[in-house]
Amino acid sequence: MLDKTYRPSEVEPKHYERWEQSGAFAAHTDSDKVPYTIMMPPPNVTGSLHMGHALTFTLQDVLIRYHRMIGRDALWQPGTDHAGIATQMVVERQLEAQKITRHDLGRDKFIERVWEWKAESGGTITRQLRRLGASPDWAKERFTMDEGLSAAVREVFVTLYKQGLLYRDKRLVNWDPKLHTAISDLEVEQREVKGHMWHFKYPVEGMADTFITVATTRPETMLGDSAVAVHPEDERYTHLVGKMVRLPIVGRLIPIVADEYSDPTKGTGAVKITPAHDFNDFEVGKRHNLPQINVLDRDAKITGDVPAEYLGLDRYEARKKIVAVIEELGLLDKIENHVHMVPYGDRSGVVIEPWLTDQWYVDAPTLAKPALEAVETGKTKFTPKHWENTYYEWMRNIQPWCVSRQIWWGHQVPAWYGPDGAVFVEKTEAEAAAAAAAHYGKTVELTRDTDVLDTWFSSALWPFSTLGWPEQTPELARYYTTDVLVTGFDIIFFWVARMMMMGIHFMGEVPFKDIYIHALVRDEKGQKMSKSKGNVIDPLVLMDKYGTDAVRFTLAALAAQGRDIKLAEGRVEGYRNFATKLWNAARFCQMNECAPVAGFDPKAVKETVNRWIVGKTAETADKVAAALDGYRFDAAAGATYQFVWGTFCDWYLEFAKPIFSGSDEAAKAETRATAAWVLDMILHVLHPFMPFITEELWAQMGGRSDQLMLRDWPKFDGLHDSTAEEEMDWVVRVISTVRGVRSEMNVPAGAQVDLLVSGLDGGRAGWAKTHADLIVRLARLAAFEPHAGADRVAQAFSHGAAQMVVDEATLVMPLAGVIDIDKERVRLEKEIARVENEIAKVDKKFANPDFVAKAAPEVVEENRERRAEWSAAKEKLQEALQRLSGA
RNA sequence: GGGCGAUUAGCUCAGCGGUAGAGCACACCCUUCACACGGGUGGGGUCGCAGGUUCAAUCCCUGCAUCGCCCA
């Protein structure tokens, strides 16, 4: 016998271990089934499970489990990425506690330490994924720093280089002065900051008392100014263009140039140009052949050809000093408060400096073209579709991708330099040496580039590198072009776009057919969850409290397309209740000996209730399947919830009760078998969402030893039975109507009353007879008389009775001593008014001649029927009202 | 400034060219032999505003307002 409530913590680990150990998660490369593949977006190896992970992995697991059940060879490829900067920071922080830096250790020893850290702590996220019930093929788990994936990285780097799609260049990068590395645009966060706009007067050379005033938010960069720009059509400055300015403090002569970058409406209309420290100025500098004067070092301290007293100053100290000196010189025009956007490193949290360095770049604009086309031509489809625009926008304006990073943890750039700086890009040192020997005509000493590659460089190869590429493995042949990528919109740029570029370039095919973009999980007020706001909901805590299945079901049920998820704990509680409801329904079945019957044929059931429920069951399975096929997780979850609770528990099991306690043994046996079968089907349909409770019930309900997760999805044709449905709908309507009136008339819930029916037509009279037991029980009746004679009704009326109209029939409920005649009259009048309102609505349509002429015939017919029904009901109600007055 | 999305019951959200729905919350009743993590019943909505298309608009189109996100 099942326990009274379901206890997730006792059940979950048991099933997970069994699934994993039995190989139930494994894909089968030699299978003759059609493959279905999802590449798991690799979480950071440093990561631990947050709500966003819980959502994305739940949805992926739902898809994988569903497709496994519908007969696909499902591969969910798991793994983690090495998270270059994040991981390096974690280990550096540990070293800091021991008061040493990575430089004390040296590169090789430091990397060894990182691997040790990974071995000890890197498994957190994958352990948590197991708790979530995720069913990837763990045996295939990969890590972006694996030998195989590293080989793929080298192969790609060298190939792109030799194809001219990857090159070394000196450009401005986003420099993180704390982490001492370049970071990509995407790792820069623009924050609105209250700062100042300083207006400096630069004296124009050779024109006494003539100044040109420039405005800046970063005064310290003036040390590197190489020009002042004004708009070519700005008449205020036309006479100054071509003149020179004597740069204060530095003393350098710099030109005044005309350039359209300068906006006459902003500030003074004149702008200082610092090509080495500003992205826009860099472009202006190139147009006018201006020198790029670097005045900052890797720590963003002042360096270079500047007055000695500034050397070594921090950028902000330098700023203060410069402003003070400019003021002393009488060149400070004014200081304004100014709100502007300042770039911050998303990892380090410090202000980023544009800095001139040598870096490796991927020619993203070239690679983007086919990636763009793949989406335009529908080879890859976004769901929801509108995310295409975001993708297009990014791809059409894509910049060269800076892939080198000045850190140690990552894939070291496979480039070697000869004594004269000539570069040799090869997969191995030996090949580089050979290339160098060929170049120089002798063996030379080579030094390897110390940079490593952006983590996203290796992640971009994930869809094929995990399958064995550059080796031509059977897995690669079978599973590449995966079926769907499931991810959040926040990494469309970071990851999706780059996988598309690399996948198409190296595999010749898109990496995925579908891209499903899901929402962000927010708190119940719609705020983004963040540690600083303190509104983070920990999925692990929720799983402890309500069970994993409840958390999974909640996330799936809330995953409506195109809308963020506002998660309130109450929702999880509600779906925990749903799990308990299912558990108790199973318990009820068990108590009533509803055991699965071998060879049970749902098509062969005879009882109306059973014909009805098997039809509804098949319909639900189809509905859920269709919803999942369209990535409508919310609709899929909703349909199962509605069926399990609203149909199976609320009605079918209630209908079964009188049968179980009745004397018709054949009906009893059939109903038991049917109930067991329906419950089994529910377990199947619910399994992708709630894998643990369903697996547990599967094992407990039939004493079966096979695993639910490997069984076939229910697929039945020809079970839908519209006559059974019509019949049971009528029964439901009768019971609901009686219950409604009982409640409204304040008939005590415990009191059993009679129900007399008059005017039933022949067919429904038969239904009434068939389901009399069931109506009696569910409407809590003492007696049910489907064919009450006129005198019987009249007699009932003499003592007071309530009346209801269900289709052509009038139901009379004698309520001697209980009935309040006035209240009943009001109730009937209200009913009549409601019906009249409906009739009026239909009449309004018919009053319009164009409706009959132009509307679809079936719509016209439907309205005609509806009017007839309402009209008949109105008549019946009016009769009832008259009877009441006559009583 | 550009783009995208949202606006439907108190809250969170489905929905859809032709009878407005769910869950939660709320009110009342119920320890009825699966379940109080439960059962039953009920109240509550000019579907953001203004135009347009249509026989018919909550739904399609245009504009506006408000909110949110992304990009500059």
Side-chain angles (χ1 to χ4, degrees), chain A residues 1-2 4-6 185-186 190 341 384-390 392-394 397 489-490 492-493 519-520 522 524-528 546-547 550 554 557-592 594 632 634-635 637-639 641-642 645-646 649-650 653-654 656-657 660-661 735-752 777-780 834 837-838 841-842 844-856 858-860 862-863 866-867 869-870:
Chain A
M1 172 62 93
L2 292 173
K4 206 169 169 189
T5 51
Y6 169 60
D185 293 346
L186 297 168
Q190 299 290 336
M341 303 304 277
K385 198 168 185 300
H386 66 256
W387 287 110
E388 278 177 5
N389 294 331
T390 304
Y392 290 150
E393 177 66 17
W394 167 254
N397 298 302
F489 63 84
D490 46 337
I492 292 179
F493 307 143
L520 227 60
R522 299 171 176 279
E524 55 191 308
K525 291 183 216 111
Q527 304 264 328
K528 213 166 174 170
Y546 299 107
T554 305
L558 296 182
Q561 287 183 9
R563 203 188 262 263
D564 280 348
I565 294 176
K566 290 183 196 164
L567 185 69
E569 192 171 323
R571 299 303 297 260
V572 187
E573 192 184 345
Y575 292 118
R576 186 274 317 266
N577 296 351
F578 174 59
T580 309
K581 184 73 181 176
L582 172 70
W583 184 262
N584 278 292
R587 192 159 169 265
F588 171 82
C589 290
Q590 202 178 43
M591 291 167 76
N592 285 283
C594 302
R632 298 297 315 271
D634 58 329
Y641 184 96
Q642 158 61 34
W645 202 319
C649 292
D650 285 351
L653 292 183
E654 294 302 327
K657 284 175 183 176
F660 290 154
S661 60
I735 293 166
S736 298
T737 306
V738 174
R739 281 172 170 175
V741 172
R742 286 181 63 119
S743 174
E744 209 165 337
M745 292 288 108
N746 297 318
V747 178
Q752 300 195 323
R777 183 184 176 114
L778 298 187
R780 304 194 64 72
R834 190 177 67 86
N837 185 35
E838 295 296 338
K841 273 201 254 176
V842 180
K844 203 178 147 198
K845 291 192 183 197
F846 282 108
N848 182 348
D850 285 338
F851 174 64
V852 184
K854 294 189 180 170
E858 58 271 22
V859 172
V860 176
E862 188 200 315
N863 276 281
R866 204 158 69 218
R867 194 194 185 287
E869 280 164 22
W870 287 124

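The chains referred to below are lettered A, B, ... by the order of the sequence lines, with proteins before strands, and numbering in each begins at 1. Every heavy atom of this structure was used, including side-chain atoms; hydrogens, water molecules and symmetry mates were not.
Of the two residues contacting RNA chain B, namely Thr390(A) and Arg780(A), the nearest-nucleotide position lying further toward the 5' end is that of Arg780(A). Taking for each of Ala856(A) and Phe489(A) the nucleotide of RNA chain B with the nearest heavy atom, the 5'-most of the two is the partner of Ala856(A).
Between Cys649(A) and Phe588(A) there is no side-chain heavy-atom pair separated by less than 4.5 Å. A heavy-atom distance below 4.5 Å is found between the side chains of Asn863(A) and Arg866(A). Residues Glu393(A) and Asn389(A) fail the side-chain proximity criterion, which asks for heavy atoms closer than 4.5 Å. Within the 4.5 Å cutoff, no side-chain heavy atoms of Arg780(A) are placed close to those of Val738(A). The shortest side-chain heavy-atom distance between Asn584(A) and Tyr6(A) does not fall under the 4.5 Å cut-off.
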### Query
So Thr390(A) and Phe489(A), side chain to side chain contact (heavy atoms under 4.5 Å, CB included) or not? Walk me through it.
CA-CA 9 Å; Thr390(A) 304; Phe489(A) 63 84; over 6 Å; no

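Between Lys844(A) and the phosphate of rU19(B), there is no side-chain N or O to OP1/OP2 separation shorter than 4.0 Å. Taking side-chain N and O atoms only, Lys566(A) has no distance below 4.0 Å to OP1 or OP2 of rG68(B).
Taking atom CG of residue Asp850(A) and atom C1' of nucleotide rG18(B), one finds them 15 Å apart after rounding to whole Å. The CZ-C1' distance, from Arg571(A) to rC13(B), rounds to 7 Å in whole Å. Distance Gln642(A) CD to rC24(B) P: 12 Å, rounded to the nearest Å. The nearest whole Å value for the distance from the CG atom in Asp634(A) to the P atom in rC13(B) is 12 Å. The distance from atom NE2 of His386(A) to atom C1' of rC70(B) is 11 Å, rounded to the nearest whole Å. Computed from coordinates, the Arg742(A) CZ to rC28(B) C1' distance equals 15 Å when rounded to whole Å. In this entry the distance linking CD1 of Ile565(A) with P of rA14(B) reads 10 Å, nearest Å. Straight-line distance from the CG atom of Asn863(A) to the C1' atom of rG17(B): 13 Å, rounded to whole Å.
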### Message
Output one letter per nucleotide in nucleotides 33-43 of chain B: B when a protein non-hydrogen atom lies under 4.0 Å from the base, S when only the sugar-phosphate is that close, - when neither is.
### Response
-BBSBSSSS--

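To the nearest whole angstrom, the two C1' atoms, one in rA20(B) and one in rG44(B), are 13 Å apart. Atom C1' of rA50(B) sits at a distance of 28 Å from the matching atom of rG10(B), rounded to the whole Å. Across rU7(B) and rC13(B), the matching C1' atoms stand 12 Å from one another, rounded to whole Å. Here the separation of rC29(B) from rA65(B), taken at their C1' atoms, is 45 Å to the nearest Å. With P as the reference atom, rG42(B) and rC24(B) are 16 Å apart, rounded to whole Å. Taking atom C1' on both nucleotides, rA6(B) is separated from rC59(B) by 15 Å, rounded to a whole Å. Comparing rG45(B) with rU19(B), their C1' atoms sit 15 Å apart, to the nearest whole Å. Comparing rG48(B) with rG39(B), their P atoms are spaced 33 Å from each other, to the whole Å.
Side chain of Val859(A), nearest nucleotide from rG18(B), rU19(B), rG23(B): rG18(B).
Using a 4.0 Å heavy-atom distance criterion, Arg867(A) is classed as making no nucleic acid contact. At a threshold of 4.0 angstrom between heavy atoms, the contacts of Arg866(A) include nucleobase atoms, whether or not backbone atoms are also involved.
Geometric assessment of Lys581(A) against the ring of Tyr641(A) yields a negative cation-pi assignment under the 6.0 Å and 45° thresholds.
Here the CG atom belonging to Leu558(A) is positioned 11.5 Å from the NZ atom belonging to Lys566(A), to the nearest 0.5 angstrom. Here Arg587(A) contributes atom CZ and Thr580(A) contributes atom OG1; the two are 12.0 Å apart, rounded to the nearest 0.5 Å.
Applying the side-chain hydrogen bond (donor to acceptor under 3.5 Å, both in side chains) test to Lys854(A) and every residue at least two apart in sequence or in another chain returns nothing.
A donor-acceptor contact shorter than 3.5 Å is absent between the side chain of Asn592(A) and the backbone of Cys594(A).
For the strand RNA chain B, secondary-structure stems (runs of at least three Watson-Crick or G-U pairs, all distances below 3.5 Å) span B:1-7 with B:65-71, B:10-13 with B:21-24, B:26-30 with B:38-42, B:48-52 with B:60-64.
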